> 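The following block contains the structure, expressed as structure tokens.
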Amino acid sequence: MSNTLINVNDVTHRYDRHTVLENISFSVEEGAFVGLVGPNGSGKTTIIKLMLGLEKLQKGSIETFGKPIHKFTNKGHISFVSQKANSFNRGFPATAKEVVGMGLTSKLSLLRPTTKKLEHHIYEALDQVNMSEYANTNIGDLSGGQQQRIFIARSIVNKPRLLILDEPTVGVDTENVEQFYQLLSKLNDELGITLILVSHDIGSITTHVTDLLCLNKSIHYHGNPSDFENMTDEQRSKLYGHDMHTITHNH
Amino acid sequence: MLLDALLSFELLRNTFYTGLLVGFIAPLLGTFIVVRRLSLIADGLSHVTLAGIAFGLFMQKKYTLLFLTPFHTGIIFSIIGAIVIENLRSVYKAFQEIAIPITLSLGVGLSVVFIALADGINTDIFAYLFGSVAAVSRSDLYLILVTTGLVLLLIIFLYKELFALSFDEEFATVSGMRAKVIHYLFIIMTALVISASIRIVGVLLVSALMTLPVATAIRVAKSFKQTIIYSIIYGEVAVIVGLVSGYYLEIPPGGTIVITSAILLGLTLLVKKWYLAYIYKG
Ligand SMILES: Nc1ncnc2c1ncn2[C@@H]1O[C@H](COP(=O)(O)OP(=O)(O)OP(=O)(O)O)[C@@H](O)[C@H]1O
Ligand SMILES: [Mg+2]
């Protein structure tokens with residue numbers, strides 16, 4: 001039996017007078033690996049923020065885990081890797097380990113078991129992004145790509161049921177990107193974590209995702225990635241809502 | 001000797017205990033203030049507290065209200081100021097530091113008015129500006145003990161939230177943390193710690209006690225937890241050395257505490273530089 005985790009229904013969103021999302025409807029079933037693609041400025045981050053409650057819903061409705069978005073409180077169900085990972089405070093005196101530990105916060109009860117007991121979760125997550133050796137390094141002393149891997153570790157340490165990633169691999173080198181996609185597939189297959197992965201690089205994600213969602217103000221395609229692959233470039237460009245010629249070819 | 005004096009003068013003893021309390025709580029809360037870049041907002045808040053103190057002095061003088069001391073009115077103004085600041089910060093989201101000049105100037109303005117109404121500067125106000133070694137009555141000490149305890153409990157209870165929100169507000173919010181509520185609690189805690197610390201270091205230097213030890217600790221600590229621990233150690237050393245030397249040199253302790261803190265900062269930076277040079281040569 002499939003279980004709908006997210007249900008977006010007829011959402012329209014404007015910034016001032018500028019409409020960025022128009023009549024968006026889709027749903028995400030438990031266990032899916034959804035690739036959300038679209039060119040710059042197509043509204044990907046906006047729809048993610050609406051789903052996470054970071055942006056106020058203007059029109060339409062969103063249900064998360066069966067509850068209207070304004071009634072939903074996240075108790076470790078949903079985790080998130082932001083597009084602008086550099087939004088954090090660079091001089092912040094925290095180690096990579098402490099940063100990953102922040103992802104466990106919602107697991108802690110009021111009585112707060114010491115993080116010592118949960119430390120193996122932190123090391124496991126660091127290991128999954130190949131960052132164990134940097135556990136005690138200051139976050140500000142890591143490179144941009146390394147920081148991004150730490151934020152990915154922070155998002156998976158809690159083993160959420162739904163993980164939303166907004167272009168998480170920006171600044172991560174090719175070798176680690178491929179490894180990261182494999183990690184995501186593993187999380188999806190073995191732990192059954194539902195994934196929504198935002199990317200504007202359609203070519204490199206189609207082999208991993210189970211559902212492809214092309215967004216450009218409205219939804220241009222929602223379905224199987226292999227059907228999408230089998231179309232002609234021209235058809236795809238139309239669905240993608242933008243010229244995506246170069247993107248598929250550097251695959 | 002100081003020890004004899006401590007044993008025989010209750011006010012001095014109360015001051016010493018208060019010093020130990022604020023030397024602990026101010027750098028502890030200060031660690032979060034520094035990483036959230038609110039140091040200057042703490043300064044604004046301390047001037048609002050001064051307005052409250054001046055108001056209390058005025059009321060005391062004109063209406064001889066004995067149950068409401070300047071210390072109490074200082075706390076009340078400080079808490080109101082905290083709420084105003086947090087509101088200003090959410091109204092002016094894009095340039096939150098605007099809250100600083102607004103509250104600072106309003107605080108100073110109100111202080112001037114109340115001081116004038118209370119017939120000018122007297123020794124009381126001097127003690128509030130720069131701190132005093134003999135300013136703490138027993139009831140003040142109890143109130144400071146309760147405030148410190150309350151703030152300490154809140155920090156322990158909200159540690160994870162404060163830590164996560166200071167680092168990355170968006171992620172913390174998505175994780176289900178009530179950012180707004182916690183920001184309000186935090187700024188009110190700041191107001192309470194400022195009111196408690198003012199007896200010792202004075203209005204003008206209270207933010208220094210919250211930030212200088214942290215600035216020093218950040219240079220040597222390897223993690224956030226270490227930053228907190230070192231900040232408290234530097235804070236306590238500064239308060240103890242500052243109070244003792246202030247007592248002997250007959251200088252308001254605000255001055256001696258802050259100068260001790262600054263010396264500790266300088267020494268730490270020097271020692272770290274030498275140490276790194278030594279390691280490098282190997
Ligand atoms: N806070 C905001 N205020 C005003 N306009 C905004 C805001 N955020 C986004 N926009 C506008 O909304 C549109 C969609 O932005 P969004 O960030 O959702 O795009 P995106 O698909 O995530 O793009 P990218 O691939 O560059 O990340 C853009 O035209 C942008 O200028
Ligand atoms: Mg985006």
Side-chain angles (χ1 to χ4, degrees), chain A residues 45 48-49 51-55 64 72-99 101-112 115 118 135-141 147 150-151 154-155 157-158 160 162-164 166, chain B residues 27-28 30-39 90 93-94 96 153-182 211 213-232 234 268 272:
Chain A
T45 299
I48 295 295
K49 284 193 169 168
M51 294 190 314
L52 291 168
L54 287 170
E55 190 75 49
T64 31
F72 172 78
T73 31
N74 189 9
K75 296 204 180 76
H77 296 83
I78 305 182
S79 197
F80 168 59
V81 180
S82 159
Q83 178 171 19
K84 46 171 178 49
N86 285 324
S87 64
F88 77 97
N89 187 346
R90 269 197 92 93
F92 199 99
T95 58
K97 208 167 87 183
E98 283 178 317
V99 173
M102 287 180 204
L104 283 170
T105 314
S106 50
K107 257 223 165 57
L108 302 175
S109 64
L110 275 184
L111 288 172
R112 297 174 184 241
T115 22
L118 295 165
N136 292 310
T137 307
N138 222 292
I139 186 77
D141 294 341
Q147 284 169 355
I150 294 298
F151 295 133
R154 176 179 67 172
S155 73
V157 67
N158 206 18
L162 172 64
L163 175 57
I164 299 179
D166 193 354
Chain B
L28 170 59
T31 310
F32 294 98
I33 292 178
V34 169
V35 296
R36 289 188 58 201
R37 305 198 170 152
L38 295 179
S39 317
S90 50
K93 264 211 163 67
Q96 302 187 342
L153 274 181
L154 275 172
I155 292 179
I156 293 172
F157 204 61
L158 295 176
Y159 177 78
K160 299 275 163 194
E161 282 81 0
L162 289 172
F163 180 45
L165 275 167
S166 310
F167 181 72
D168 180 346
E169 184 156 344
E170 196 174 60
F171 183 82
T173 309
V174 170
S175 311
M177 288 179 190
R178 310 274 306 273
K180 220 170 168 170
V181 176
I182 291 167
T211 52
V214 184
T216 316
I218 282 181
R219 302 308 302 172
V220 282
K222 291 198 171 60
S223 66
F224 190 70
K225 284 222 172 85
Q226 274 187 13
T227 308
I228 289 181
I229 294 166
Y230 293 162
S231 298
I232 292 171
Y234 281 120
T268 305
K272 195 182 171 191

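Atoms considered below: every heavy atom in the structure, side chains included; atoms not considered: hydrogens, waters and symmetry mates. In what follows, chains carry the letters A, B, and so on, assigned in the order in which the sequence lines appear, proteins first and then strands, with residues in each chain numbered from 1. Because the structure is predicted, anything quoted here is derived from the model rather than measured.
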> Once you round to the nearest 0.5 Å, how far does CZ of Phe167(B) lie from CD of Glu98(A)?
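Atom-to-atom, Phe167(B):CZ and Glu98(A):CD are 10.0 Å apart.
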> Within the structure provided, determine whether Phe171(B) and Ser79(A) are in side-chain contact (heavy-atom separation under 4.5 Å).
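A side-chain contact exists here, since the closest heavy-atom pair is under 4.5 Å.
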> Say you draw a straight line from NZ of Lys49(A) to CD of Glu170(B); how long is it, rounded to the nearest 0.5 Å?
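Output value for this atom pair is 5.0 Å.
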> So, for Thr95(A) and Lys222(B), which heavy atoms are closest and what is the spacing to 0.1 Å?
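Closest approach of Thr95(A) to Lys222(B): CG2-O, 3.0 Å.
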> Is it the case that over 12 heavy atoms from other parts of the model lie below 6.0 angstrom from the NZ atom of Lys272(B)?
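Buried by this count: over 12 neighbours within 6.0 Å.
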> Quick one: what part of Ser166(B) sits under 4.5 Å from any heavy atom of chain A, side chain, backbone, both or neither?
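Backbone plus side chain of Ser166(B), per the 4.5 Å heavy-atom cut-off to chain A.
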> Which atoms of Ser223(B) are under 4.5 Å from chain A, going by heavy atoms: the side chain, the backbone, both sets, or neither?
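When you check distances to chain A, atoms from both the backbone and side chain of Ser223(B) fall under 4.5 Å.
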> So what's closer than 4.5 Å to chain B heavy atoms on Ile139(A): side chain, backbone, both or neither?
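It is the side chain, since no backbone atom gets that close.
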